[in-house]
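Just so it is clear: chains get the letters A, B, ... in the order the sequence lines come, proteins before strands, and each one is counted from 1.
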Amino acid sequence: MPPLAIEVRGIRRVYSAKPAPVVALDRVDLHVAPGEFFGLLGPNGAGKTTLIKILTTLLLPSAGTARVFGFDVERDTKKIRRIMNMVAGGEQSGYGILTVREQLWMFTQFYGLAGGDGWRRVDELIEAVGLTEQRIQRVSTLSTGQRQKMNLARGLLNDPWILFLDEPTLGLDVSAARSLRELIVDWKRAVPGRTILLTTHYMAEADELCDRIAIVDHGRILAIGSPDELKRRVQRESIFRLELDHLDGGVATLVRLPGVVSASEAAGAIDAATRQTVVMNLVLEDDGVLGQVVGALARTGSEILGLRKSEPTLEDVFVELVGRGFAESDAEAAGKAG
Amino acid sequence: MAVSATSAPVPAPARFDFAKAEGNGIRDFLRTFAVAVRLGWQLEANWTDPLLFFIYSVAKPVSSALILVVMLEVIGGPSGRAFRPFVVVGSALWSFVVSGIAGLAFSILEDRERFRMLKYVYVSPSDFLTVLVGRGVARVGVGLAGAAITVAVGVVVLGVPFDLGSVNWPLFVTVFLLGLWSIVAVGLLMAGVVIQTRQESWSYPEAFAGALFLVAGAVFPLAVLPALVQVIGLLTPLSWWIAGIREALFPGGPGSIGGAGSVFAGAFGHAQPGPLEIVLALMATGAIATLGAVAVFRVSDRRAKQAGLYDRTTGS
Amino acid sequence: MAGIIDLVGRAGIGPHEAADWSRRQELMTDLRSVRGRAYPRVIGLAREPSWVLFEILLPFLATAAFVFVYRAIGAPQEYVGFVVLGGALTAFWLNVIWMMANQLYWEKSQGNLELYFAAPMHFMSILFGMAIGGIVMSTTRAATVLLIAGLVFGVTFSVDQWALLLGVFLLTLAALYGLGMVLASLFLVWGREAWHMGQMLTEPVYFVSGLNFPVARLGFLGALSVAFIPLATGLDAMRQLAFTDAAFPLGTPDPLLEVAILTVMTVVSILAARWMLITMERRARRDGRLSIRWQ
Ligand SMILES: Nc1ncnc2c1ncn2[C@@H]1O[C@H](COP(=O)(O)OP(=O)(O)O)[C@@H](O)[C@H]1O
Ligand SMILES: [Mg+2]
């Protein structure tokens, strides 16, 4: 059996800090298969970067073992470094005085590409990430989005088997983040076996990109699974969002139906002031109950303007697991840092 | 990091105060300035650290003077010996000049490259210029101690004759303050330059100061220079500052401006300038230097804003 | 998108084969890394020409100031040559302080250090690359100082052994930049304090190295400098070889002995730099100090 792309066993990492040591990772176990797109999702300070640093051979674990494609992160550093690369959000690496092309070429040298091969690789990647117009522009003059595309190109220079992405879309606007995500997905899809470990604290990003996700908080992995699996855990009932032209007798008429757990008028619905439509959240015991609800509505003469099943989000999963929201966690982390 | 010192030590107004919101000219300026001086002090001139004190106020300035003293010794002879007080005092004053000039420029480089703070300092309402000058002034304190220690070493160890009773104090104070102004102006000029240049500009301010060293008459009289270079020296406020401090500390001692065959003597008909002439020349050249420096800084600042230079890092 | 999809380097090779490099591949990567790191420095030379003014012309004027000190006291002409040679070598020394010793700390705050460590080359390649780029920079400067000084002050050299002089020069560079490599690792560990140590290496070291005068004049202190500071050793050897006609004060060793000292310095410093890097990497990985956290 070929080795796992990532195999982490009982990793613990403690930073010595004032006033007290910080336990950044605690008894973490993780298995990622070759070819997986794996996400670490967690609030600031959860320990995501720490885990990436350990896997990229930049940091030693305080206890436990970690392997990348079977190579030990403590002993086989050189081998790991040959087949991996990493890109972090907000990265300012390189030298502002160089052009995009020159900067990327410089990095090809650190991976031992012959001079001419290096230039060819650089030009291919520049085109692929869409920086052709900026290729002879100085690095110091790039916008944040362009800069991050260049950083991604840098991360692909050595054609890594495993790519570590540490909050790669941090600080990017919506469209720049989207185009970066598309690049990442395309790159991964092009060759089977390419593996990505991505950290993020954007739920939607993890949901969209990852085959599997580990939810981390306070240095512990709380749950691992595909986005759907994780969401199913919190989804015990079916929730629908229903829009009607009118509803005689109000929500009470629906609650009386068998199988309806609750029905409540949604706050802040469109046209609430003029009362032209009625919007409500409907919680049913399962999807099958929906037929009876629709039938009942038809009998009262209400016209259904819209019906949408509300999916639970990873946010719901996180709240369920941790007992608090993501934003609160970030605020807490910020309070600690300040 | 000592950055928390930027929060001004003023209690927040209990209710909204329009005068404060609009900015209160001179009061705001003074407050910003005071905070900047304190910030500079904490960042650069931490005198509670004996090692830093030793490096900046003892080792560097005294070594500079010793280099010159040994040069005179190597040649020996009466002309060399007679020259020693001149050289020691000039070198001491010069180390003060360098710390003042480098101070402002280092603030720019340091904030940009190390703390990545420049863009934040810049967008804060406190006037950027005030912050810079304030931090530069803090470094001047270090330079002042260095100059004093070098002179003391000169007097005690190297036999430089010095009579505290004969010091012309009014001249000293006048010239010192006017000169400080000029030094800050030259520092500002360098700050304007390094905004435009790249990360490895650490040596630029000292290089510029080194070039002024040639024309300021710090360690040899201007008279030995080619006439054209002498003229440049006469237009530099630092030359007059050094001449003035020399004259105040050692009244009637050998001067650096004039002398036999000098441009000054040729133009004005007497060998050395008197105290009044020095003060007037210092004021005039200082004013020109200030105007020039502010202009350069403003132009550089505007260009930097347009080109987004404040938040770039530019090493190689 | 086509670019990324087509970009299947080493087609058909799995991660294990890709991680298995030959000796030659390893060596070539180290050599190319030297080239890669030197590259931005050489490019930077042409790109931001302000250095011509600030690193050649203005320092030349500062050197000229010392020439006029000698002129003011009527010193013989060869002392002007001493000053000029000192000024030229200072170019390398300043480069070692600002662009070697202080560099790694800056690279760390920039995030480059991490990427260098995460790449497969030996970190010594980075140091060599920095040094070679720096040497290109400062050689330009030193040559210009010598040339202008020759023209303006009429400095004439009297050399008997050109080959030896050239050899001493190259050895001096090797020893200087070797020291720079050691300092780079050391300063990285010291962090921001190191910047102040860099200041300690300017005027005080100039003085004990005999910047503008024969270091022999400093007696025992001078001998110590020749034994331990490559700037002093190289300067003294080059002065002896470049001004054979000068009435040289006795007291410092023969140039050949100084060649031996420089060789030892070079070897020791490169070994020390290697050892320090390995130690530093291990410690930094243990303590989590390869990067500065800005957030
Ligand atoms: N070098 C360090 N020294 C001390 N504490 C650290 C260091 N790096 C990270 N930490 C602490 O470890 C915890 C995890 O940090 P990190 O791995 O960066 O989290 P994340 O990437 O999930 O935001 C945080 O509490 C952080 O403050
Ligand atoms: Mg992180």
Q: Could you tell me which portion of C/Ile126 (side chain, backbone, both or neither) has an atom closer than 4.5 angstrom to a non-hydrogen atom of chain A?
A: side chain
Q. How close do A/Arg13 and C/Asp287 get, heavy atom to heavy atom, and via which atoms?
A. NH2-C, 3.8 Å
Q) Can you check whether A/Thr57's main-chain N or O pairs, donor with acceptor, with C/Arg285's side chain at less than 3.5 Å? A) yes
Q) Does the distance from a Lys or Arg side-chain N to an Asp or Glu carboxylate O, for A/Glu74 and C/Arg282, drop under 4.0 Å? A) no
Q. Hey, what do you get for CD1 (A/Ile83) to CH2 (C/Trp21), rounding to the nearest 0.5 Å?
A. 11.0 Å
**Q.** Among A/Thr77, A/Leu113, A/Thr49, residue most engaged with chain C (heavy-atom pairs, under 4.5 Å)
**A.** A/Leu113
Q: Report, as yes or no, whether the 6.0 Å neighbourhood of atom CZ on C/Arg35 holds more than 12 heavy atoms from other residues, nucleotides or ligands.
A: yes
Q: Could you tell me which of C/Ser33, C/Ser125, C/Gly36, C/Gly129 has the largest number of non-hydrogen atom pairs under 4.5 Å with chain A?
A: C/Ser33
Q.
Please classify the contact between A/Arg154 and chain C as side chain, backbone, both or neither, with a heavy-atom cut-off of under 4.5 Å.
A. side chain
Q.
Treating C/Arg286 as the side-chain partner and A/Leu60 as the backbone partner, does any N or O pair qualify as donor plus acceptor under 3.5 Å?
A. no
Q.
Is the ring pair C/Tyr116/A/Phe107 parallel, tilted or perpendicular, if the boundaries are 30 and 60 degrees?
A. tilted
**Q.** Residues A/Lys53 and C/Glu114 bridged, charged N to O under 4.0 Å
**A.** yes
**Q.** C/His16 side, atom NE2; A/Trp161 side, atom CH2 - distance, nearest 0.5 Å
**A.** 11.5 Å
Q) In Å, rounded to the nearest 0.5 Å, how long is the span from CE of A/Met86 to CG of C/Leu115? A) 5.0 Å
Q) If you count heavy-atom pairs under 4.5 Å with chain C, which of A/Ala153, A/Gly118, A/Ala114, A/Gly115 comes out on top? A) A/Ala114
**Q.** Nearest heavy atoms of A/Tyr15 and C/Gly288, plus distance in Å
**A.** CE2-CA, 4.4 Å
(Q) Report which part of A/Pro3 has an atom under 4.5 Å of a heavy atom belonging to chain C: side chain, backbone, both, or neither. (A) side chain
Q: Report the residue from C/Arg37, C/Gln110, C/Arg41 that forms a side-chain hydrogen bond (donor to acceptor under 3.5 Å, both in side chains) with A/Tyr95.
A: C/Arg37
Q | CA sep, side-chain torsions, deciding dist, call: C/Asn112, A/Glu91, side-chain contact (heavy atoms from CB on, under 4.5 Å) | A | CA-CA 9 Å; C/Asn112 290 334; A/Glu91 186 182 304; over 6 Å; no
Q | Separation between OH of C/Tyr39 and CD of A/Gln109, rounded to the nearest 0.5 Å | A | 9.5 Å
Q.
Which atoms of A/Val73 are under 4.5 Å from chain C, going by heavy atoms: the side chain, the backbone, both sets, or neither?
A. backbone
Q | C/Arg32 side-chain N/O to A/Gly112 backbone N/O, donor-acceptor pair under 3.5 Å | A | yes
Q | Shortest non-hydrogen contact from C/Ile43 toward A/Glu102 | A | CD1-OE2, 3.8 Å
Q. Quick check: does any side chain N or O of A/Arg81 sit under 3.5 Å from a backbone N or O of C/Pro120, one acting as donor and the other as acceptor?
A. no
Q: Name the region of C/Gln25, side chain, backbone, both or neither, that has any atom closer than 4.5 Å to a heavy atom of chain A.
A: neither
